[in-house]
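One-based numbering, in listed order, for ligands and for the atoms of each.
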Amino acid sequence: MKEFDLIGRYFAGGGHQRKDVLVGIGDDCAVTTVAENQHLAITTDTLVGGIHFFESAPAKSVAYKAVAVNLSDLAAMGAEPAWISLSLSLPKIDENWLADFAEGLYELTRYYSVQLIGGDTVHGPMAMTITAQGFIPPENALKRSTAKPGDWIYVTGTLGDAGAGLGILSGEIETTAQNRDYLVNRHYFPTPRVAVGTALRRTASSCIDISDGLLADLGHILKASGCGATVHVDRLPLSRQLTECLGEGKAREFALTAGDDYELAFTVNEEQRGHLETSLSSTNVKATCIGQITGHSGKLELKLEDAPYPMPSKSGFEHEF
Ligand code: ADP
Ligand code: MG
């Protein structure tokens with residue numbers, strides 16, 4: 001296993017270096033200082049080759065996505081990311097793969113001023129676990145459990161693109177080369193909405209990131225908050241590429257049910273609604289109002305121009321809770 005020991009060194013010293021890291025890669029533990037008056041948010045996600053990503057996927061995208069899904073969890077809580085650690089399991093040492101992997105990892109961590117502070121490397125099936133840590137001022141965490149009837153529901157960016165990208169890669173969807181590039185890129189390189197998350201700290205009443213599809217993830221907010229919701233499918237933000245590729249009906253279905261977009265879904269009460277535009281102005285990210293929280297616990301209604309719209313069969317939304 002000697003060569004696997006080299007990997008820690010492979011990642012050492014690269015990427016962004018933070019002042020709050022006293023001991024980084026190379027010792028038995030990382031040691032950091034923790035800012036006073038900040039709470040620590042911690043999240044872990046694992047990606048397994050052949051299950052969460054194609055083993056033939058570009059190594060750069062694999063690393064990018066592994067980091068992005070963790071930063072997305074921090075964003076969904078309103079946390080500012082600081083450190084990640086990486087546990088990497090690989091079937092063999094492939095220097096080119098590792099170089100591309102490191103490039104993807106460092107591209108994202110540099111952009112968000114995050115430092116890789118340690119990890120582990122083992123010989124095994126291709127898989128990686130990343131733990132990400134970040135800061136939130138006390139009382140500012142954006143939770144799932146605090147939506148209230150009457151709050152407005154918003155989502156960032158556009159929905160369904162990553163799901164279509166996956167369909168294209170697996171040969172189930174055909175489209176033009178340009179749409180393919182766009183959609184596959186959204187699948188490989190999701191954008192964690194970090195700046196939106198921190199900007200929403202005092203504005204949103206609840207928040208979640210969309211990893212399993214809008215209906216499934218909004219369902220988590222409804223369950224945790226004991227509420228229901230009405231979602232207007234004609235207000236769902238769809239990219240031109242998705243609509244061109246799938247047509248409007250299918251594009252809406254993807255926006256409701258497909259996962260992996262890593263956009264944020266959040267709620268804002270009537271009083272805060274006026275502040276939303278100002279809060280998000282510095283982020284360059286568009287948020288779209290798609291509906292409203294209701295008092296009917298567990299009931300998620302879809303509407304198209306105010307008429308009832310059928311729930312897609314693969315909604316991922318649990319009706320009974
Ligand atoms: P130990 O046996 O003490 O766990 P390792 O040989 O596993 O030490 O790791 C040596 C150093 O390299 C540690 O600081 C560890 O955090 C780091 N490291 C190992 N693998 C990785 C990795 N995949 N990514 C980042 N750091 C790693
Ligand atoms: Mg180790």
Checking Asn140, Asp20, Asn37 against Phe135 for side chain to side chain contact (heavy atoms under 4.5 Å, CB included), the one that qualifies is Asp20
Asp27 and ligand 1 - part of the residue with a heavy-atom distance under 4.0 Å = backbone
So, for Leu74 and Ala41, which heavy atoms are closest and what is the spacing to 0.1 Å?
-> CD2-O, 3.6 Å
Could Arg252 and Asp234 be called an ion pair, given the rule that one side-chain N must be under 4.0 Å from one carboxylate O?
-> no
Answer yes when Lys60 and Glu107 have at least one side-chain N-carboxylate O distance shorter than 4.0 Å, and no when they do not.
-> yes
Counting both backbone and side chain atoms, is some N or O of Phe11 under 3.5 Å from an N or O of ligand 1?
-> no
Heavy-atom contacts with Ile25 under 4.0 Å: which atoms of ligand 1 show up? List them by number with element.
-> 12 (O), 14 (O), 17 (C), 25 (C), 26 (N)
Answer yes or no: are there more than 12 heavy-atom neighbours, outside Arg273 itself, under 6.0 Å from its atom CZ?
-> yes
With heavy atoms of Asp28 as the reference, note each atom of ligand 1 found under 4.0 Å away.
-> 3 (O)
Looking at Thr121, Leu105, Leu98, the heavy atom closest to atom 21 (C) of ligand 1 belongs to Thr121
